[in-house]
2 protein chains.
Amino acid sequence: MEKYAKLLKKHGIKVTPQRLEILKYLNENHNHPTAFQIFSNLKERNPSFSKTTVYNTLEMLKAHKLIQVLTISESELRYEFDNKLHHHFLCKKCGKISDIDVQCPFFEKMLDSEYKVEEVHGYFKGICTRCSKEEELKSET
Amino acid sequence: MEKYAKLLKKHGIKVTPQRLEILKYLNENHNHPTAFQIFSNLKERNPSFSKTTVYNTLEMLKAHKLIQVLTISESELRYEFDNKLHHHFLCKKCGKISDIDVQCPFFEKMLDSEYKVEEVHGYFKGICTRCSKEEELKSET
DNA sequence: GTACTAAATAGGAATCGCTACAAAATGGGA
DNA sequence: TCCCATTTTGTAGCGATTCCTATTTAGTAC
């Protein structure tokens, strides 16, 4: 837990139990959770945990570039702790989001362009391996 | 207007005035509008135009891959008629979305991967040229 | 340790984009 | 022209996010 406190201090953010919990959750759960998923998980152990705190904290962590906000879903935002550049794949069937470990060659190019680029998002959408296999099995019967 | 009717018929979609209007609007306005923007623009000329019709029609056009849905904004969906692969840049200051005419080299690679890829989205976010210049001017004074 | 102050949290209300639903309108085929 | 399926409309509802304000907490000075 100490490492999260250090991280917050390094960015001049006041350390609170709630913020540590949220950071810990994001660091230990790489499933690109929604704000509600974070909220309900943390509320289990601390019933007074507030939804607003989750949103406030996520907003602040995002402002300090400690977390990434994914707009891959059409209905809600997803969050992740990992901040090194990678892309994402969303399965339209099961909803799972996977990390795609590729370096975008246009990142460098865009950095030199007329635009001041601060974020790069690569989203692929389709059907994941597991769901594809299930489809095949179904159609065989 | 006839070309839109043809397009709809080609995809087995029943031709209605509302659908033609929406297609026309998307084809003539390359500003990646929200559903509400489409709705309020078309409502001006036809006061009985319904929000639901806009959503229904966009959903149908999307299902037939006649339009693209962009999840680049954190708060709402954007739509575009253009369906050839390109990326997008969102200015965090003025909110404008620009087309970036690049071919994603990972598209091919992803097509051969374990994932069944149906959509590719490349989003860059930052400050656009115009807004960058305005910032410079302000800081000079 | 206590008192004070600014910041953070909690909880509920409000907002906003989008969807669901049922009634009315449309339109193509008999 | 009539009929029936489809589409459109308008309203109600829902879920994610934001707003508002009272309460609590963390940090500082005494």
Side-chain angles (χ1 to χ4, degrees), chain A residues 1-2 4-6 8-9 11-25 32-64 66-67 69-79 90 95 97, chain B residues 1 4-5 8-9 11-25 32-64 66-67 69-79 90 95 97:
Chain A
M1 216 58 173
E2 198 47 46
Y4 302 119
K6 247 186 214 166
L8 291 177
K9 277 180 199 154
H11 282 80
I13 306 172
K14 195 183 275 187
V15 178
T16 69
Q18 290 87 344
R19 289 173 181 171
L20 292 175
E21 286 294 331
I22 291 172
L23 266 184
K24 181 164 179 276
Y25 183 86
H32 316 90
T34 65
F36 182 77
Q37 281 176 312
I38 300 170
F39 165 66
S40 56
N41 268 280
L42 298 183
K43 197 178 180 63
E44 277 179 21
R45 273 183 294 157
N46 173 5
S48 82
F49 215 98
S50 161
K51 221 172 13 175
T52 306
T53 301
V54 174
Y55 279 106
N56 286 345
T57 302
L58 290 172
E59 179 62 30
M60 148 165 294
L61 294 175
K62 168 190 162 194
H64 283 86
L66 287 174
I67 60 171
V69 181
L70 307 184
T71 57
I72 193 169
S73 157
E74 291 187 4
S75 57
E76 76 234 322
L77 298 178
R78 303 300 193 114
Y79 299 87
L90 168 71
I97 296 174
Chain B
M1 216 60 172
Y4 302 118
L8 290 177
K9 275 180 200 154
H11 283 80
I13 306 172
K14 195 183 274 186
V15 178
T16 70
Q18 291 87 342
R19 289 172 182 171
L20 292 175
E21 286 293 331
I22 291 171
L23 265 184
K24 182 165 178 275
Y25 182 86
H32 316 90
T34 64
F36 182 77
Q37 280 176 311
I38 299 170
F39 165 66
S40 56
N41 268 280
L42 298 183
K43 195 176 182 64
E44 276 179 23
R45 272 182 297 158
N46 174 5
S48 83
F49 215 98
S50 160
K51 217 172 20 174
T52 307
T53 301
V54 174
Y55 281 106
N56 286 344
T57 302
L58 290 172
E59 178 61 31
M60 149 166 292
L61 294 175
K62 168 190 163 193
H64 283 85
L66 287 174
I67 61 170
V69 181
L70 307 184
T71 57
I72 193 169
S73 158
E74 292 187 3
S75 57
E76 77 236 318
L77 298 178
R78 303 298 194 116
Y79 298 88
L90 167 70
I97 296 174

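Computed over heavy atoms, backbone and side chain alike; hydrogens, waters and symmetry mates excluded.
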Separation of [X] atom [atom1] from [N] atom [atom2], in whole Å?
X       : N      : atom1 : atom2 : value
B:Glu21 : D:dT7  : CD    : P     : 18 Å
A:Leu58 : D:dT17 : CG    : C1'   : 11 Å
A:Phe39 : C:dG12 : CZ    : C1'   : 12 Å
B:Leu77 : D:dT17 : CG    : P     : 13 Å
A:Arg19 : C:dA10 : CZ    : P     : 11 Å
A:Glu76 : D:dT17 : CD    : P     : 7 Å
B:Leu70 : C:dC18 : CG    : P     : 12 Å
A:Phe49 : D:dT24 : CZ    : P     : 18 Å

Taking side chain to side chain donor-acceptor pair (under 3.5 Å) as the definition, give me every residue that meets it alongside B:Ser50, ordered by chain and number, with sequence neighbours left out.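 So B:Ser50 forms no side chain to side chain donor-acceptor pair (under 3.5 Å) with any residue.
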As a test of reading the structure: which of D:dT17, D:dT7, D:dT9 is closest to the side chain of B:Lys14, going by heavy atoms?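 The nucleotide sitting nearest to the side chain is D:dT7.
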Report which part of the nucleic acid B:Ser75 touches: base, sugar-phosphate, or nothing (heavy-atom distance under 4.0 Å, all strands).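 Result for B:Ser75 = sugar-phosphate.
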Just by distance, do the side chain of B:Arg78 and the backbone of B:Ser73 share a donor-acceptor pair under 3.5 Å?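 A pair under 3.5 Å: no.
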Write down the protein N/O and nucleotide N/O pairs, taken from nucleotides 19-25 of chain C, whose separation is under 3.5 Å; answer none if there are no such pairs.
from: C:dA20; atom 1: N6; to: B:Thr52; atom 2: OG1; distance (Å): 2.9

Less than 4.0 angstrom between a side-chain N/O of [X] and OP1 or OP2 of [N], yes or no?
X       : N      : answer
B:Ser50 : D:dG10 : no
A:Gln18 : D:dT25 : no
A:Thr16 : C:dT9  : yes
A:Ser48 : C:dA10 : yes

Drop me the distance from [X]'s [atom1] to [Y]'s [atom2], to the nearest 0.5 angstrom.
X       : Y       : atom1 : atom2 : value
A:Ile38 : A:Glu21 : CD1   : CD    : 12.0 Å
A:Glu74 : B:Lys62 : CD    : NZ    : 3.5 Å
B:Leu42 : B:Tyr25 : CG    : OH    : 7.0 Å
B:Thr52 : B:Phe39 : OG1   : CZ    : 8.5 Å

When you match B:Thr34 and A:Met60 each to their closest nucleotide on DNA chain C, which lands nearer the 5' end?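 Final value for this comparison: A:Met60.
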Considering heavy-atom distances to DNA chain C, does B:Val15 or B:Arg78 have its closest nucleotide positioned more toward the 5' end? B:Arg78
What is the minimum heavy-atom distance between A:Thr34 and A:Tyr79, and which atoms define it? C-CD1, 4.4 Å
